[in-house]
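Reading through the structure tokens given below for one structure.
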Amino acid sequence: MMPLKKGSEPINDLLDFYDRWPSLRQAMHALSEGTTLNERERETLSWLILLADRVGPADLRD
């Protein structure tokens, strides 16, 4: 399990992450445009945001 931040409930699995993505996206976008990450990390996170945006319910079927 991967915690979101101190005090938050951990993400339990891929479906849980998918359900939380709308609330996580804004924070990830801000992080990708901030100065905390280096340029390569910001670019990678930007691509991961685009990828997560393309995931839908049909992608999560077993």
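The CG atom of Leu51 lies 11.5 Å from the CG atom of Leu45; values are rounded to the nearest 0.5 Å. With rounding to the nearest 0.5 angstrom, the CD1 atom of Ile49 is 8.0 Å from the CG atom of Leu31.
Applying the salt bridge (charged side-chain N to carboxylate O under 4.0 Å, His left out) test to every pair with at least one member in residues 37-51, sequence neighbours left out, gives no pairs at all. Residue pairs meeting the side chain to side chain donor-acceptor pair (under 3.5 Å) criterion with at least one partner in residues 22-32, sequence neighbours excluded, are Arg25-Asp53, His29-Glu33.
Take Asp16 and apply the side-chain hydrogen bond (donor to acceptor under 3.5 Å, both in side chains) test, not counting sequence neighbours, and it matches Arg20. Shown here are the ring-ring contact (aromatic ring centres under 6.0 Å, His included) partners of Trp47, two or more places apart in sequence or in another chain: there are none.
Met28 and Leu48 sit in two unconnected hydrophobic clusters of ILVMFWY residues. Membership requires side-chain heavy atoms under 4.5 Å apart, directly or through other members.
For the pair Ile11 and Leu24, the minimum side-chain heavy-atom distance is below 4.5 Å.
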